[in-house]
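Notes for the one structure printed next.
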2 protein chains.
Amino acid sequence: MLDTRSQILHKNFEAIHRNGFQGVRADKVVAEMGITKGALYHYFPNKFDLGYAIIDEIVAPHYLSLWQPLEHAQKGFAQVIYEVLDRYRSFVATEEQVILGCPLTNLTQEMPPLDEGFRVRLYRVTSRMQQQIETGLKKAQLSGEFKLDFNPTQVAFFYLSSIEGGFSVAKAMQSRAVFEMVVSQLKQLTDGLKS
Amino acid sequence: MLDTRSQILHKNFEAIHRNGFQGVRADKVVAEMGITKGALYHYFPNKFDLGYAIIDEIVAPHYLSLWQPLEHAQKGFAQVIYEVLDRYRSFVATEEQVILGCPLTNLTQEMPPLDEGFRVRLYRVTSRMQQQIETGLKKAQLSGEFKLDFNPTQVAFFYLSSIEGGFSVAKAMQSRAVFEMVVSQLKQLTDGLKS
DNA sequence: AGGTAAACATACTAATTGGTATGTCAAGTT
DNA sequence: AACTTGACATACCAATTAGTATGTTTACCT
């Protein structure tokens with residue numbers, strides 16, 4: 001059983017995932033948790049700082065650990081990214097997950113224009129993910145696994161964009177199959193990089 | 001000069017683009033317009049029906065006309081999609097547009113889990129866009145412009161996903177250059193389809 | 001035992017918000 | 001001229017919401 005603070009973080013993370021940050025109602029979340037606003041405002045000074053903590057302690061670690069193997073694993077890039085893509089696939093295993101979409105993508109759409117604190121945090125996470133992919137691509141070029149005739153920076157951003165967009169389109173279509181198609185295309189793209 | 005109803009639609013479209021649907025405050029929008037809520041609720045019964053009208057009369061026509069040339073133009077697919085991609089590029093011409101992102105993507109992230117009326121409308125637009133691309137790809141395969149060894153349905157979804165994701169990542173990075181990179185990659189992908 | 005501080009619960013408030021009820025006025029219609 | 005209707009403006013309300021002020025209880029420290 002988690003301590004109260006962690007519970008607050010996770011329940012509000014789910015609420016944000018479902019309703020967006022602006023759609024979260026502190027009253028309702030604490031009511032569902034069986035606690036009161038006293039507890040909430042004991043741990044977090046206000047709604048935005050709660051949101052920041054959710055990014056720092058839940059969202060960022062999750063996504064960064066997801067892509068980390070690209071930088072450090074001994075296996076080939078292709079194999080590692082296949083595994084990452086499959087972890088994304090299992091992430092959208094249920095239809096409900098398809099409808100709710102990617103938490104990071106959702107936040108990235110909603111918050112940067114509205115709040116600086118969110119903006120810098122989402123910038124850092126995205127930037128870090130891109131770096132991880134780019135580093136992996138460069139390693140694969142150096143090792144001879146991949147050709148040299150592509151721009152690792154560009155391709156890294158393209159991976160990220162396609163995955164995030166895949167969540168978005170799958171959500172619009174309410175179709176897990178759509179996300180699978182995007183993953184499939186990304187695997188083909190990866191194969192095309194091989195030398 | 002537009003009539004009042006059209007003005008309401010366009011101003012609220014901008015407000016949604018900036019704040020999200022849940023973030024739009026009717027009071028503020030009408031105040032900025034120099035009208036009153038009397039006018040707003042004279043033309044629209046409630047906030048959601050206003051949102052529906054914005055999709056039906058502004059968002060959907062815009063995106064469908066954007067992709068329409070793929071289905072009907074006499075030119076080759078590659079040339080047409082280059083033009084479409086360039087229209088997207090000019091759409092994110094200013095830094096502000098980068099920060100605000102793609103109106104369709106934004107709405108697709110925010111609304112489908114919250115409201116059925118939005119969900120069906122956003123489904124229709126996305127579905128229709130995919131059809132337009134898929135039809136174009138099939139025509140290109142029949143004409144011999146493109147190879148036959150790819151799945152037009154999949155590739156069509158991939159185009160859409162990458163573009164929408166490009167908006168999202170460019171927004172997170174606050175960088176127009178990121179979107180340009182995605183467009184560049186999509187052009188290369190298009191060239192790879194040629195026979 | 002007495003004191004202190006963390007961890008909450010209870011009760012309340014001030015501001016906001018979507019929506020409504022009602023009024024006004026000008027342009028047609030009969 | 002009397003009447004209706006569309007196009008708004010004004011004034012108002014009930015509900016919601018983030019946040020606060022003030023208990024209360026438990027664990028720990030001395």
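Because only heavy atoms are used, hydrogens play no part in the values below, and waters and symmetry mates are left out as well, while side chains stay in. Keep in mind it's a predicted model, so treat the numbers as computed, not measured. Below, chains carry the letters A, B, ... as their sequence lines are ordered, and counting in each starts from 1.
- Considering only the side chain of B:Thr36, D:dT10 comes nearest among D:dA18, C:dG18, D:dT10.
- Counting to the nearest Å, the C1' atom of D:dA7 and the CE atom of B:Met33 are 14 Å from each other.
- For the pair A:Ile35 CD1 and D:dT25 P, the computed distance is 19 Å after rounding to whole Å.
- For B:Tyr52 and B:Phe44, the ring centers sit 6.0 Å or farther from each other.
- If you take CD1 of B:Ile8 and P of D:dA9, they are 9 Å apart, rounded to a whole angstrom.
- Geometrically, B:Lys194 does not engage B:Phe146 in a cation-pi contact defined by less than 6.0 Å to the ring centre and at most 45° from the axis.
- The CZ atom of B:Arg25 sits 15 Å away from the P atom of D:dT16 (whole-angstrom rounding).
- Listed nucleotides: C:dT20, D:dC8, D:dT20. Nearest to the side chain of A:Tyr41: D:dT20.
- Checking each of B:Tyr88, B:Phe77, B:Tyr159 against B:Trp67 for a ring pair (Phe, Tyr, Trp, His ring centres under 6.0 Å) leaves exactly one that passes, namely B:Tyr88.
- With rounding to whole Å, A:Tyr43 atom OH is found 11 Å from C:dA6 atom P.
- To the nearest 0.5 Å, atom CZ of residue A:Phe150 and atom CG of residue A:Leu193 are 4.5 Å apart.
- A side chain to side chain contact (heavy atoms under 4.5 Å, CB included) with B:Leu100 is found for exactly one of B:Lys171, B:His17, B:Glu95, namely B:His17.
- Put simply, NE2 on B:His42 is 16 Å from P on C:dA21, counting in whole angstrom units.
- Closest contact between the side chain of A:Ala39 and the listed nucleotides D:dC8, C:dG19, C:dC8 involves C:dC8.
- Counting non-hydrogen atoms under 4.0 angstrom, B:Val24 reaches the backbone sugars and phosphates but no base.
- Of the two residues contacting DNA chain D, namely B:Leu40 and A:Asp27, the nearest-nucleotide position lying further toward the 5' end is that of B:Leu40.
- Donor-acceptor pairing under 3.5 Å, judged by distance alone, is absent between the side chain of B:Lys37 and the base of D:dA9.
- Distances were taken from every side-chain heavy atom of A:Lys28 (C-beta onward) to each of C:dT17, D:dT17, D:dG19; the shortest belongs to D:dT17.
- Separating the CG atom of A:Asn12 from the P atom of D:dT17 is a distance of 14 Å, rounded to the nearest angstrom.
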